[in-house]
Amino acid sequence: MEQGLRSRRMQKPSKIRFERRRKVLENAHIQKPSAALCSQIEKLVLYNRYREALELFEIYEPRNGYDVGGSTYDALVSACIGLKSIRGVKRVFNYMISDGFEPDMYMRNRVLLVHAKCGLMNDARKLFDEMLERDLVSWNTMITGLIDSGNYSEAFRLFLIMWEEFSDGNSHTFALMVRASAGLGLICVGRQIHSCALKMDVADVIFVSCALIDMYSKCGSVEDAQFVFDQMPEKTTVGWNSIISGYALHGYSEEALSIYSEMRECGVKIDHFTFSIVVRTCTRLASFEHAKQAHAALVRHGFGSDIVANTALVDFYCKWGRMEDARNVFERMPCKNLETWNAMIAGYGNHGQGDKAVKMFEQMLRDKMIPCHVTFLAVLSACSYSGLAEQGWKIFQSMSRDHKIKPRAMHYACMIELLGREGLLDEAFALIRSAPFKPTTNMWAALLTACRMNENLELGRFAAERLYEMEPEKLSNYVVLYNVYNSAGKLKEAAGIVQTLKRKGLRMLPARSWIEVKKQPYAFLSGDKSHVQTKEIYQTVDKLMLEIAKHGYAVENKTLLPDVDEEEQRLLSYHSEKLAIAFGLINAPGWIPLLITQSHRMCSDCHNAVKYIAMVTGRKIVVRDASRFHHFRNGTCSCGDYW
DNA sequence: GTAGGGTTAG
């Protein structure tokens with residue numbers, strides 16, 4: 001054993017761990033080895049000290065010869081579930097078999113569960129298929145694993161087999177299948193499951209109702225979600241949370257908050273999930289006061305140190321550009337998780353404070369927090385936005401070397417943008433070629449943009465050609481190359497692009513934004529002049545632009561579109577979302593647009609990051625960039641296509 | 001005795 005201990009200590013040179021293990025062992029020796037050991041393991045599990053319980057088992061395991069009963073195995077499996085330790089469960093299970101202990105259905109289900117929880121669905125499937133007998137729990141456990149790993153269609157397949165074989169299913173099964181419907185985003189499937197649940201008389205079970213509320217809101221029907229919520233015989237915290245989050249999800253921020261106050265009046269327990277949802281809702285809402293109140297309530301209710309709620313708060317202050325407030329919340333958090341760090345790093349990056357983002361990242365590593373691909377995306381884009389080429393490059397290299405994280409396409413695209421800004425086009429191109437996977441459109445597009453900035457015709461043409469191959473119908477690729485030629489004075493080539501466009505029958509659809517004022521939708525195109533209030537709208541936009549310029553916004557005036565004359569070019573700088581916001585300002589008294597997010601673009605003149613301030617708002621007016629929402633593309637527009 | 005619902009970063 002001494003040797004075993006030594007080798008283990010060498011693997012994990014942690015004094016604290018060793019000390020802890022020594023204490024556990026000492027305690028174990030107080031009583032008779034076998035009974036004492038078992039009861040010690042069970043006790044440790046009871047107090048959620050899973051790791052110690054497993055360590056204790058592993059230390060003694062090679063010696064064999066002590067009787068382990070069902071309750072101890074159960075405790076050990078619980079420890080494995082708690083730690084998601086598949087290695088642990090394999091050891092426990094093997095020991096169980098070699099010890100001659102015949103696991104019953106309960107135990108087999110538990111083993112199946114650990115595999116499912118660890119996402120090892122192939123192994124779980126094998127275990128499931130090998131089971132001579134299966135009960136509802138076995139089926140439900142298997143379905144849970146499939147849903148958790150995002151394999152909704154397979155979950156449905158299994159459910160159908162079960163349904164055909166046994167015509168059975170309990171409340172858990174239906175809650176699961178409702179969740180699977182939500183995952184598929186198919187409300188029609190969800191409705192069928194709902195009606196089955198009604199037939200089986202399980203639709204009123206509290207957690208089934210909650211799953212239904214969630215499913216209906218995720219599938220786009222807040223009305224149905226509200227209906228299920230109203231029908232709930234007893235409205236629990238989770239039920240309230242689900243309906244609030246449903247309204248918030250669809251941009252009904254005010255409604256969400258009013259339901260939240262209703263919830264408080266009912267005296268239902270408010271938990272940290274409630275606060276996370278409320279804070280997130282406030283992030284979208286045009287009232288800073290609401291958020292501050294929520295922050296105060298969070299502290300009052302004793303969730304001041306909750307990690308999820310506070311992470312939402314950090315994100316909230318970051319999105320508002322209140323970096324000092326964000327940092328204050330961050331610093332006061334007694335413990336932080338990966339998401340907290342990511343939110344803070346991304347916050348600094350998005351506000352052009354790349355140096356602080358990098359410092360945060362370094363601090364994170366010193367604090368022994370393990371970064372993930374999102375962290376790297378945040379810190380690399382921060383470097384890119386702030387022109388920290390050298391640091392960005394070092395971090396990118398350390399990604400796979402020191403942190404064993406393979407850079408994904410987005411990381412490459414970030415680096416290409418970064419190199420491009422430095423004018424290092426050859427290096428950027430080399431990076432694309434060195435990628436261990438087929439370059440994605442994002443990567444070629446980043447290179448093309450860099451070529452446009454550096455007026456590199458040859459490489460730009462090459463990148464554009466790759467893009468044409470991958471997305472032959474995507475107009476923006478042609479427009480960017482057109483701009484590359486145009487900026488370089490190659491008018492003949494530029495005209496060639498226009499010809500290609502015409503031959504392909506591609507038409508330019510300018511960006512379109514959509515605004516809802518008093519439940520009435522209005523659509524605007526860039527440079528739209530068709531509205532009766534056009535004069536007023538443009539005056540308002542001009543005023544807004546002066547305001548935004550104070551915050552450092554630089555108008556990019558090099559964007560050229562084929563066949564568009566100068567006057568029209570000027571009009572196109574009146575982006576559709578600006579027109580929509582101006583319209584909202586004029587027609588919705590009391591509505592205050594808010595500078596909420598700041599993203600960055602590279603300035604085509606100085607190649608430095610400039611602040612681009614987008615206006616996003618909550619209240620009853622929703623402004624969205626229409627081109628990003630496919631269902632708006634089909635929305636009617638008063639002035640038709642631009643071309 | 002097991003399994004279930006709501007959350008933060010991108």
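Lettering of chains follows the sequences in order, A, B, ..., and the numbering in each one begins at 1. What you see is a predicted model, and the numbers here were worked out from it, not measured in a lab.
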Apply side chain to side chain donor-acceptor pair (under 3.5 Å) to [X] and list each qualifying residue two or more places apart in sequence or on a separate chain.
X      : result
A/N170 : A/N140, A/T173
A/Y50  : A/N48
A/H194 : A/Y216
A/D367 : A/Q363

At under 4.0 Å between heavy atoms, what does A/N310 touch on the DNA or RNA strands: base, sugar-phosphate, or nothing? nothing

Tell me what A/T236 touches on the nucleic acid: a base, only sugar-phosphate, or nothing, going by heavy atoms under 4.0 Å. base

So, using salt bridge (Lys or Arg N to Asp or Glu O under 4.0 Å) as the criterion, who are the partners of [X] when residues are at least two apart?
X      : result
A/E265 : none
A/D123 : A/K90
A/E154 : A/R125, A/R157
A/D148 : A/R179

So do A/P371 and A/H403 actually touch side chain to side chain, heavy atoms under 4.5 Å? yes

Residues within [range] bordering DNA chain B, heavy-atom distance below 4.0 Å:
range                       : result
residues 329-338 of chain A : A/N337
residues 210-228 of chain A : A/C210, A/D214, A/K218
residues 140-152 of chain A : A/N140, A/T144

Candidate nucleotides B/dG4, B/dG1, B/dG10, ranked by approach to the side chain of A/D74 - the nearest: B/dG1

Listed nucleotide nearest any side-chain atom of A/N170, set B/dG6, B/dA3, B/dT2: B/dA3

According to the side-chain hydrogen bond (donor to acceptor under 3.5 Å, both in side chains) rule, which pairs have a member within residues 370-379 of chain A, sequence neighbours left out? A/N342-A/T375, A/H373-A/R408

Could you check how far CD1 of A/I206 sits from P of B/dA3, rounded to whole Å? 18 Å

